[in-house]
4 protein chains.
Amino acid sequence: MEMHGVARLTREESRGRTREHLLEAARVAVARNGYDGTSISDITEAAGFSKGAFFSNYESKEALLLELLRRHKEQDIAALGRILGEVEQGKDATSAPDRYLEGLGGDADWARLDIELQLHAARNPTFAADYDGLQSQTRSSLARLIAALFEKAGKRPPASPDDMANLFMALVHGLVLQRARDLGTTVKLVFESLMATAEPA
Amino acid sequence: MEMHGVARLTREESRGRTREHLLEAARVAVARNGYDGTSISDITEAAGFSKGAFFSNYESKEALLLELLRRHKEQDIAALGRILGEVEQGKDATSAPDRYLEGLGGDADWARLDIELQLHAARNPTFAADYDGLQSQTRSSLARLIAALFEKAGKRPPASPDDMANLFMALVHGLVLQRARDLGTTVKLVFESLMATAEPA
Amino acid sequence: MEMHGVARLTREESRGRTREHLLEAARVAVARNGYDGTSISDITEAAGFSKGAFFSNYESKEALLLELLRRHKEQDIAALGRILGEVEQGKDATSAPDRYLEGLGGDADWARLDIELQLHAARNPTFAADYDGLQSQTRSSLARLIAALFEKAGKRPPASPDDMANLFMALVHGLVLQRARDLGTTVKLVFESLMATAEPA
Amino acid sequence: MEMHGVARLTREESRGRTREHLLEAARVAVARNGYDGTSISDITEAAGFSKGAFFSNYESKEALLLELLRRHKEQDIAALGRILGEVEQGKDATSAPDRYLEGLGGDADWARLDIELQLHAARNPTFAADYDGLQSQTRSSLARLIAALFEKAGKRPPASPDDMANLFMALVHGLVLQRARDLGTTVKLVFESLMATAEPA
DNA sequence: CATGAATGAGCCTTCATTCAT
DNA sequence: TATGAATGAAGGCTCATTCAT
């Protein structure tokens, strides 16, 4: 199929590249300028395409951002799953939150994007349905990890795993909103405090 | 000044009323539809004025929202100060966070507005300067209250008062973003846990 | 009110002038290029205004054209009414159709505009309701005139007045569609033939 | 040519099928949504092809519609020719118009398409040339039929055969534009009236 | 001070058309 | 020949802002 070396792309590959570029450009732009503050022109220009290319790949701005979010959540869930696996296999549990936060903090853009979409969802029922679907998966994963960490420590979590997950997601979002520098310190402070005060299982 | 009885308003009073109506209409609209999702027309129509009235009173949408925020923060700071006073006078300290949250929770609109403006600040340096000025006052007030609560309990806060204040402001904003119902439970869980694990002063 | 001579216009006058210019520009443009072939830019540029001025005066392209049609139909109905009055007062009835057609033929643009809007109505239920409302008034007027002419001639019309009116409106539209030159000859041929073959009342 | 049985189509046959499908899809779409209201995508999607297939077969939307019209006119002329033949062979002449109108009325879509193209021609000189060429053939056929009917009745047509043909084409188009239900009644009313008042030959 | 007509830039989206596959 | 991704020009419409009244 590849008769002329690297340069030749099949149509599907080419389309995939375009989408990838658009997604990345959208991620950066929305994190910086917000959902409403980002026009489709902003995205396509940054990606080096015409406006038409956008609509040839996505039905709407919302559709593109939903795909973007979907991918991100998948990665997030995968990362949480990986750490959960390690915890279950007996690895040092105390560093688990650290490792998760490092991944998260490494890209505060993602968190800001998430906040933007969360706000958009708050106003757009259709979008909210999709958003909440993705969000609840992330919550489940995080809840499972938190539950495992408490179990490992022989403690009973002071609230339901889902509520605990919500608590930490809220904390992280709130700190990102403040443009706080080291999320980690604060998150760990809260985590360790909750762990220390939890009753034995 | 009142030459014709109660009905006559001085020019300044009349202007004040216009501003009041605009501010209230803006608060509702922005909380519901977001900063970018609210047009000046939306605001003036809801307030029952023409677009011109807006520009007679404010230089821009930003300026109006900044004034709105200013007023809110003043109230917030006053509320915090009142509770601080009570704590210092020896009133029951455990109910202090409750009372503050009740005021806050009673109007999640305000919190959403705050989030909107915080995001706007994240993108607009000029606005950020003003916003941060107000925010740091609120933080100081909250920090003072937290410090007093820990002192009263004979404990040493596990982080600087400002960081503690940031922590709780973040938590509340994050929960509002999630459209969580009872902020109170979660916030108190964290507060009490931090208090319980704090070292004696 | 007019402190500076002719040049000064009240706001209402000024707005009226703008609307008048937009209407006239739209009439010419739509007659020439069709409903879909006429953009709002076409109209505003021809009228010497910005695109914004359009939306400051009309809700949509449809709304403007509906007002345009309304005015035309009113004139049309008035003309028909005038001729009907003359016929009833015993003036020479044979020249009645002539006089109406002269007015009509004098501005084939109007007829083409009518055809355009009729087609638009055929595809747009909302617009159709408004269009049909206006059209039925014109039909009634024309029907009344036709009925009067037959009565005056002591004849019974070979179809209901409304059907007769439809017949002639259709004939005129069809001829305009053909870019036929002398509508009059053909229309009169049909009219006189129908009159000649009508039974005595 | 058919090397693999019935299923295999020669290239030309295959191309022919594609064109056939595109033409039929275009006919339906344009009759329903108008010339400008029909996009090439609309046509190709309805036909089950890609947009590319369109441009492989036609130079433009105009070109396709012209071919469509050409075919229709051919059929129309054939039908008129057939009826003319019958009239000349002495068959019952009074039912001739009926039979023609039945064919016509059975597919008001065609008439609406014709109106659309007539309007398009009114604005597009290039297209007008082609359109008028086809139209004049139809007119000739219809004129011949009308002349024959009058001759058969021993009457002299009250206008030139071409003008008579134009008259009836206009009437039909105008009635279609009105979305009138029974064209037949009205057309026959006019035809019989003209016949009745015609002088003997 | 308040009004609201007009501006003009910008937004999302549609579409005829091109061209590498 | 048929495909469909990409283009680029419009199109309808919104909106912050200006300014004569």
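Since we're looking at a predicted model, the values are computed, not measured. Proteins get letters first, then strands, A, B, ... in listed order; numbering begins at 1 in each.
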Provide the closest heavy-atom pair for A26(B) versus L65(B) in the form atom of the first, atom of the second, distance. CB-CD2, 4.3 Å
Nearest 0.5 Å please: distance from the CG atom of L117(C) over to the NE2 atom of H72(C). 10.0 Å
Starting at CG of L134(D), measure out to CG of L66(D) and round the result to the nearest 0.5 Å. 6.0 Å
Of the listed nucleotides (dG12(F), dC12(E), dA16(F)), which one gets closest to any side-chain atom of F55(A)? dC12(E)
Between Y35(D) and L119(D), is any pair of side-chain heavy atoms under 4.5 Å apart? no
For nucleotides 2-9 of chain F, read 5' to 3', which letter fits each nucleotide if B means a protein heavy atom sits under 4.0 Å from the base, S means only the sugar-phosphate is that close, and - means neither? BBBSBBB-
Is there a side-chain contact between L113(A) and D109(A) (heavy atoms, below 4.5 Å)? no
Using atom CG of L64(C) as one end and atom C1' of dG12(F) as the other, report the distance to the nearest whole Å. 14 Å
Evaluate the side-chain hydrogen bond (donor to acceptor under 3.5 Å, both in side chains) criterion for residues D114(B) and Q135(B): first the C-alpha distance (whole Å), next the side-chain angles of each, then the deciding distance (0.1 Å), finally the verdict. CA-CA 10 Å; D114(B) 203 352; Q135(B) 187 71 340; 4.9 Å; no
Result for 5'-nearest mapping on DNA chain E, choosing between I40(D) and S39(A), is S39(A)
Atom OH of Y35(B) to atom P of dC15(F): distance rounded to whole Å? 14 Å
Interatomic distance where CD belongs to E45(B) and P belongs to dT3(E) [whole Å]: 12 Å
Write down the distance between CG (D36(B)) and P (dC11(E)), rounded to a whole number of angstrom. 11 Å
Using a 4.0 Å heavy-atom cut-off across all strands, classify T44(B) as base, sugar-phosphate, or nothing. nothing
Which one is paired to dT7(E), where only Watson-Crick or G-U wobble pairs with both distances under 3.5 angstrom count? dA16(F)
How many Å lie between CD1 on I43(D) and P on dC15(E), as a whole number? 11 Å
D42(A) CG to dA9(E) C1', straight-line distance once rounded to whole Å: 14 Å
In this structure, are over 12 heavy atoms from other groups packed under 6.0 Å from R32(A) atom CZ? no
Who is the Watson-Crick or G-U wobble partner of dT21(F), with both distances under 3.5 Å? dA2(E)
